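Since the structure is predicted, the reported quantities are computational estimates derived from the model, not experimental observations.
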Amino acid sequence: GLLLILPFKSVLYLLIFSRFRLRTRTSLLSTLSLTSYSEFALIVGAVSVSAGWLAPDWMVVMSLALAGSFLGASPLNAASEKLYRGLRDHLRRLEATVLLPADRGIDVTGVQAVVLGVGKIGRRAYEQLERSHGKRVLGVDSNGAKVASMREAGFNVIEGDAVDSDFWERLLLSADIELVLLAMPHHAGNVYALQQLRRRNFSGRIAAIVGYVEEIEPLRRLGAHAVYHVYESAGTAFADAAIQAMDAAPTPP
């Protein structure tokens, strides 16, 4: 009986999230995350049994219901993106007319280059494009704390997840964008972003970074114009810097 309540609980969560002006995807993924019962229920159950408010048998019932809810919710969460794509058109009817600012479209008018992932490498690429090449750059990262910190430092950065299928609908790619740099730390994220750019017939240049040699060719096959192996490039630059330092150093007596 407790497990049969879960679908009604999920529908209730979905309706509540939608009323808080969240995107359909945010509402659905949050709902799936909350579909299972919380292990906190066992703590409450143990306190209730020890206080004599519930019969001891209820601990067994609650434990089984909790385990069963985890078993049921796990495959749903694993297939959350696929479920969203299948249900998106139907769930959009629940979406509020005016969304929260973080869920609205991203205007990139006037931006010439977009850097997806502003970690150590992405941040340096952003700075190089802006300072040395005079490009108007937009940085995108899923880490809210990092985005806030970079904004305070004067960077044009927004919070966004490039592996979020709705992100690409929110990103209003303009004709001004000449270059997109895929500098995310995970290869799968860069591959997904490249596929999305190609599906939207992006006409600019695309460059990506990889951590392993075997990741280079898949990105090139997908249409990346330039792929850079992080460690190989770092090693080459390291050796070049060492030689330059050696040549510049005065000859010891």
Side-chain angles (χ1 to χ4, degrees), residues 101-102 104-164 167-168 170-198 200-213 215-216 219-220 222-249:
R104 295 172 190 167
I106 302 168
D107 189 2
V108 292
T109 304
V111 172
Q112 295 173 300
V114 177
V115 180
L116 296 176
V118 286
K120 293 179 180 178
I121 296 175
R123 178 168 178 155
R124 296 294 177 267
Y126 180 112
E127 293 172 334
Q128 185 72 2
L129 286 170
E130 189 174 63
R131 296 174 185 174
S132 301
H133 299 282
K135 300 294 184 184
R136 295 186 298 276
V137 189
L138 173 68
V140 181
D141 202 280
S142 59
N143 187 321
K146 185 190 300 179
V147 169
S149 175
M150 290 186 69
R151 278 182 176 171
E152 290 179 3
F155 289 87
N156 180 27
V157 184
I158 62 170
E159 185 176 352
D161 187 358
V163 298
D164 173 355
F167 168 80
W168 296 97
R170 293 174 57 223
L171 187 67
L172 309 176
L173 289 176
S174 73
D176 296 331
I177 297 179
E178 307 165 355
L179 175 66
V180 173
L181 271 61
L182 307 179
M184 290 176 285
H186 303 294
H187 177 65
N190 290 328
V191 169
Y192 183 83
L194 183 51
Q195 291 171 336
Q196 297 303 311
L197 287 166
R198 287 306 180 203
R200 285 157 177 77
N201 299 315
F202 176 63
S203 59
R205 313 299 282 180
I206 304 171
I209 61 170
V210 296
Y212 301 95
V213 175
E215 295 172 346
I216 296 176
L219 288 173
R220 284 180 174 164
L222 286 170
H225 299 95
V227 182
Y228 296 92
H229 187 272
V230 175
Y231 302 113
E232 181 180 307
S233 300
T236 302
F238 180 39
D240 290 343
I243 293 296
Q244 290 174 9
M246 184 179 67
D247 293 341

From [atom1] ([X]) to [atom2] ([Y]), nearest 0.5 Å:
X: Glu215; Y: Asn190; atom1: CD; atom2: CG; answer: 8.5 Å
X: His187; Y: Ile216; atom1: NE2; atom2: CD1; answer: 10.0 Å
X: Asp141; Y: Ser149; atom1: CG; atom2: OG; answer: 11.0 Å
X: Leu182; Y: Tyr228; atom1: CG; atom2: OH; answer: 12.5 Å
X: Leu129; Y: Arg124; atom1: CG; atom2: CZ; answer: 13.5 Å
X: Arg123; Y: Lys146; atom1: CZ; atom2: NZ; answer: 9.5 Å

What are the two closest heavy atoms between [X] and [Y], and how far apart are they?
X: Arg220; Y: Val227; answer: CG-CG2, 3.8 Å
X: Ala193; Y: Ala162; answer: CB-CB, 4.5 Å
X: Leu181; Y: Ala125; answer: CD2-CB, 3.6 Å
X: Ala183; Y: Val115; answer: CB-CG1, 4.4 Å

Could you walk me through whether Val191 and Leu219 pass the side chain to side chain contact (heavy atoms under 4.5 Å, CB included) check?
-> CA-CA 7 Å; Val191 169; Leu219 288 173; 3.8 Å; yes

May I have all residue pairs that pass salt bridge (charged side-chain N to carboxylate O under 4.0 Å, His left out) and include part of residues 182-196, sequence neighbours excluded?
->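 Applying salt bridge (charged side-chain N to carboxylate O under 4.0 Å, His left out) to every pair that reaches into residues 182-196, excluding sequence neighbours, yields nothing.
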
Using modelled atom types and a 3.5 Å cut-off, is there a donor and acceptor pairing between side-chain atoms of [X] and backbone atoms of [Y]?
X: Arg205; Y: Glu178; answer: no
X: Asp161; Y: Ser142; answer: no
X: Asn156; Y: Val137; answer: yes

NE2/His186: more than 12 non-hydrogen atoms of other groups inside 6.0 Å =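 Check fails, neighbour count at 12 or below.
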
Exceeds 12 heavy-atom contacts within 6.0 angstrom, atom CZ of Phe155 =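 Buried by this count: over 12 neighbours within 6.0 Å.
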
With no hydrogens and no angle check, do the side chains of Gln196 and Arg200 hold a donor and an acceptor under 3.5 Å apart?
->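 Note: Gln196 and Arg200 side chains meet the donor-acceptor criterion.
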
Report the residue from Ile158, Val118, Leu116 that forms a side-chain contact (heavy atoms from CB on, under 4.5 Å) with Leu138.
->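 Among Ile158, Val118, Leu116, the one that satisfies the side-chain contact (heavy atoms from CB on, under 4.5 Å) with Leu138 is Ile158.
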
Stepwise side chain to side chain contact (heavy atoms under 4.5 Å, CB included) test for Arg198 and Ile206 | CA-CA 10 Å; Arg198 287 306 180 203; Ile206 304 171; 3.9 Å; yes

